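For ligands, and for the atoms within them, numbers begin at 1 and follow the listed sequence. Predicted model only: the values in this text are computed from it and were never measured.
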Amino acid sequence: MSTEFQSSWLGSLSRAAVRATDGLYSYSPQFKLAMQVIERPHYAWCMTRAAELGRALGHKRISAIEFGVAGGNGLAFMCDYAKEVKRMTGVEVVCYGFDTGEGMPAPEGIVDLPYWFAAQQYRMNVEDLRKRIPDGHLVLGNIRDRIGDFLDEHAPPPIGAIFNDTDYWSSTRESFRLFDQAATRPEHFLPRQFMYFDDIMGSEIEMYGPHNGQLKAIEDYNAAQGDVKIHRNQNLLKNTEYSWRWQIYYAHLFRHPDYETYIGGARQEALEGALKLKQ
Ligand SMILES: C[S@@+](CC[C@H](N)C(=O)[O-])C[C@H]1O[C@@H](n2cnc3c(N)ncnc32)[C@H](O)[C@@H]1O
């Protein structure tokens with residue numbers, strides 16, 4: 001489905017028609033993803049693409065992580081959508097969510113946008129959420145304290161999709177420590193990651209930019225080391241009216257032993273077919 005079509009009035013009308021008749025026809029997840037009628041298309045897109053990359057590299061299971069869970073709507077969507085991804089790709093997606101469980105920690109300086117975010121916002125009802133996501137895994141506590149032991153404690157299948165909704169520069173920066181072990185423990189990572197950053201578009205009140213919040217965290221991380229680089233995708237940005245497409249980033253784990261593994265060849269046709277779906 002072309003972005004020109006999706007952005008046109010006919011695209012809007014078609015989406016409304018698909019939503020209204022979904023109960024009648026049970027449209028396939030591929031079709032709904034292509035038509036943009038999925039509740040969190042950014043999550044769906046990243047999970048599906050990560051599963052396809054995992055499959056191309058011979059994995060039957062991958063992981064998806066949400067940093068910043070709050071009430072859990074995102075994590076609950078991930079756990080539900082993992083079933084669709086399994087149907088579409090044959091790859092199981094194990095879902096993890098990091099959160100204090102007690103709302104936002106205190107901002108750590110002006111780069112954390114203290115004029116917009118405050119301690120204890122977005123509190124979680126842990127018990128209710130655990131019931132909602134029987135297949136998901138909550139990692140509770142400050143990311144700073146939990147990220148270092150995550151691989152040992154959870155032994156996740158290769159991580160391939162990461163959603164970051166932690167709002168702060170400091171929390172986003174801490175989340176990138178996940179990649180510290182990408183070269184030494186590559187069995188827990190795909191060599192390239194599909195990422196989404198929630199807090200980089202905002203409004204004229206937030207005034208997100210390269211000098212605060214998540215965008216600064218990405219810039220600082222890239223400047224500080226050379227083993228992993230994170231950049232905004234290029235391929236989704238053509239003629240799009242969907243802001244989520246500007247919020248998808250890719251991470252290259254250059255020192256991952258599978259980074260150079262060729263995934264074209266016989267698989268090229270299938271991958272190119274899949275590429276068309278996202279446009
Ligand atoms: C905007 S909310 C997340 C909303 C959620 N993703 C959704 O879609 O409903 C931000 C969350 O990030 C969490 N958070 C921010 N910094 C954190 C940190 N350093 N460690 C753990 N959790 C953090 C807060 O507890 C808060 O629940």
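Between the side chains of Glu174 and Ser171, not a single donor N or O lies within less than 3.5 Å of an accepting N or O.
Within the 4.0 Å heavy-atom criterion, the part of Val69 lying near ligand 1 is the backbone and not the side chain. Contacts between Pro105 and ligand 1, counted as non-hydrogen atom pairs separated by less than 4.0 Å, involve the side chain only. When non-hydrogen atoms are compared, ligand 1 lies under 4.0 Å from the side chain of Arg40 (C-beta onward) but not from its backbone.
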- Message: Could you walk me through whether Glu206 and Ser203 satisfy the side-chain hydrogen bond (donor to acceptor under 3.5 Å, both in side chains) test, starting with their C-alpha distance in whole Å, then the side-chain angles of each, then the deciding distance to 0.1 Å, before giving a yes or no?
- Response: CA-CA 5 Å; Glu206 289 105 310; Ser203 70; 2.3 Å; yes
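Between Trp45 and Tyr196, the ring centre distance reaches or exceeds 6.0 Å. Here Phe194 and Tyr250 bring their ring centres to under 6.0 angstrom of each other. Phe189 and His256 have their aromatic ring centers separated by at least 6.0 angstrom.
In terms of polar-atom proximity, defined here as any N/O pair under 3.5 Å, Thr100 does make such a contact with ligand 1. The distance criterion of under 3.5 Å between nitrogen or oxygen atoms is met by Ile143 with respect to ligand 1.
Proximity to Glu66 (heavy-atom distance under 4.0 Å) selects the following atoms of ligand 1: 6 (N). For ligand 1, the atoms lying closer than 4.0 Å to a non-hydrogen atom of Asp167 are 1 (C), 10 (C). Below 4.0 Å from some heavy atom of Ala70 lie the following atoms of ligand 1, by number and element: 2 (S), 3 (C), 4 (C), 27 (O). Those atoms of ligand 1 that come under 4.0 Å of a heavy atom in Gly141, given as number and element, are 20 (N), 21 (C).
Remark: minimum distance from atom 17 (C) of ligand 1 to any protein heavy atom is reached at Ser171 OG, 3.5 Å. Regarding atom 12 (O) of ligand 1, its nearest protein heavy-atom neighbour is Gly68 CA, 3.3 Å. Among all non-hydrogen protein atoms, the one lying nearest atom 10 (C) of ligand 1 is Asp165 O, 3.1 Å. Here the heavy atom of the protein found nearest to atom 27 (O) of ligand 1 is Asp99 OD2, 2.8 Å.
For Gln121, the side-chain contact (heavy atoms from CB on, under 4.5 Å) partners at least two apart in sequence or on another chain are Met104, Phe117, Ala118.
The minimum heavy-atom distance linking Ile62 with Met47 is given by the pair CD1-O, 4.4 Å.
Ligand 1 lies out of reach of Gly71, whose nearest heavy atom is not under 4.0 Å from it. Ligand 1 has at least one atom lying under 4.0 Å from a heavy atom of Met104. For the pair Gly101 and ligand 1, no heavy-atom separation below 4.0 Å is found.
A salt bridge is defined here as a Lys NZ or Arg NE, NH1 or NH2 lying under 4.0 Å from an Asp or Glu carboxylate O, and Arg173 with Glu108 fails to meet this definition.
For the pair Arg192 and Tyr259, the cation sits on the ring face: its NZ or CZ lies under 6.0 Å from the ring centre, inside 45° of the axis.
Residue pairs meeting the side-chain hydrogen bond (donor to acceptor under 3.5 Å, both in side chains) criterion with at least one partner in residues 63-80, sequence neighbours excluded, are Tyr43-Glu66, Asn73-Arg132.
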